[in-house]
Amino acid sequence: MTFSKPEIPAGRVVLFTVILASIFALSTLYRESLYQKSHDVIKQLQSEHDPDGGYITFFKHLSEMTEDVAYLLVVLMASAFCSRERFCYYMVAMQFASWSKIVLKMVQSEPRPNWVWSDLSALGCATSFGSPSGHSTRSANTCFLLILDFFFASG
């Protein structure tokens, strides 16, 4: 079975770029209310659950499994099933995503909620800036790589 490369009209690319740029530009309008709402949600979650309980422990372990080292180990294990070129491509893409996350965190310098509000506990919170999320960056990178592989794989 062979797949043909889809034709992507230039108009769609421009439209997508304009929409994405608009979302980033308008983020200043909703950022403060969204940040306040996240405070309320975090406070509610922290008041309902014991910090040493199973719920918090589960999410702490889940978060640790999606850190950079675990992510790298998954790709290393997958390397046995892909070509050397594809493995190098994955490694370069992962390192670029990690580097861009670090640079964006430094540029945005968005504080974590427990830095802003003293009524929140850190619960093992990272010491780096909060946005963009490392988990979100890795997830988006993985989806992007899968889309590129599926639609634009080399011969």
Side-chain angles (χ1 to χ4, degrees), residues 1-46 59-60 62-79 81-120 122-155:
M1 175 182 261
T2 60
F3 291 100
S4 62
K5 292 184 181 180
E7 293 293 324
I8 302 174
R12 284 190 183 180
V13 173
V14 170
L15 179 64
F16 174 78
T17 305
V18 168
I19 290 172
L20 191 60
S22 299
I23 290 171
F24 284 122
L26 295 173
S27 69
T28 57
L29 298 176
Y30 61 82
R31 174 170 278 160
E32 190 58 39
S33 61
L34 186 62
Y35 209 67
Q36 184 60 44
K37 186 65 177 172
S38 70
H39 168 264
D40 299 341
V41 169
I42 294 168
K43 187 67 182 165
Q44 178 186 359
L45 287 171
Q46 287 183 349
F59 283 108
K60 181 180 173 189
L62 182 65
S63 178
E64 288 170 356
M65 288 185 335
T66 58
E67 291 298 327
D68 286 328
V69 173
Y71 186 58
L72 182 63
L73 288 175
V74 168
V75 172
L76 287 174
M77 287 187 291
S79 69
F81 304 102
C82 62
S83 68
R84 183 177 302 149
E85 293 82 10
R86 181 159 284 158
F87 174 70
C88 289
Y89 164 71
Y90 288 157
M91 292 301 294
V92 168
M94 283 179 49
Q95 291 308 310
F96 178 76
S98 182
W99 174 82
S100 61
K101 173 195 68 168
I102 292 167
V103 169
L104 286 172
K105 279 183 186 260
M106 298 300 283
V107 168
Q108 285 186 315
S109 300
E110 187 172 297
R112 291 188 179 269
N114 65 310
W115 297 356
V116 178
W117 296 293
S118 59
D119 60 336
L120 298 178
L123 288 176
C125 194
T127 57
S128 64
F129 291 112
S131 182
S133 162
H135 297 86
S136 297
T137 305
R138 283 185 290 279
S139 297
N141 183 52
T142 301
C143 290
F144 188 64
L145 285 173
L146 291 174
I147 288 170
L148 287 177
D149 265 358
F150 185 73
F151 289 110
F152 304 105
S154 61

* Asked: In a check of side chain to side chain contact (heavy atoms under 4.5 Å, CB included) between S22 and each of I19, V18, L20, which one passes?
  -> V18
* Closest heavy-atom pair and its distance - L145, A93 -> CD2-CB, 3.5 Å
* Asked: Is S100 reaching over with its side chain to a backbone N or O of F96, donor-acceptor style, under 3.5 angstrom?
  -> yes
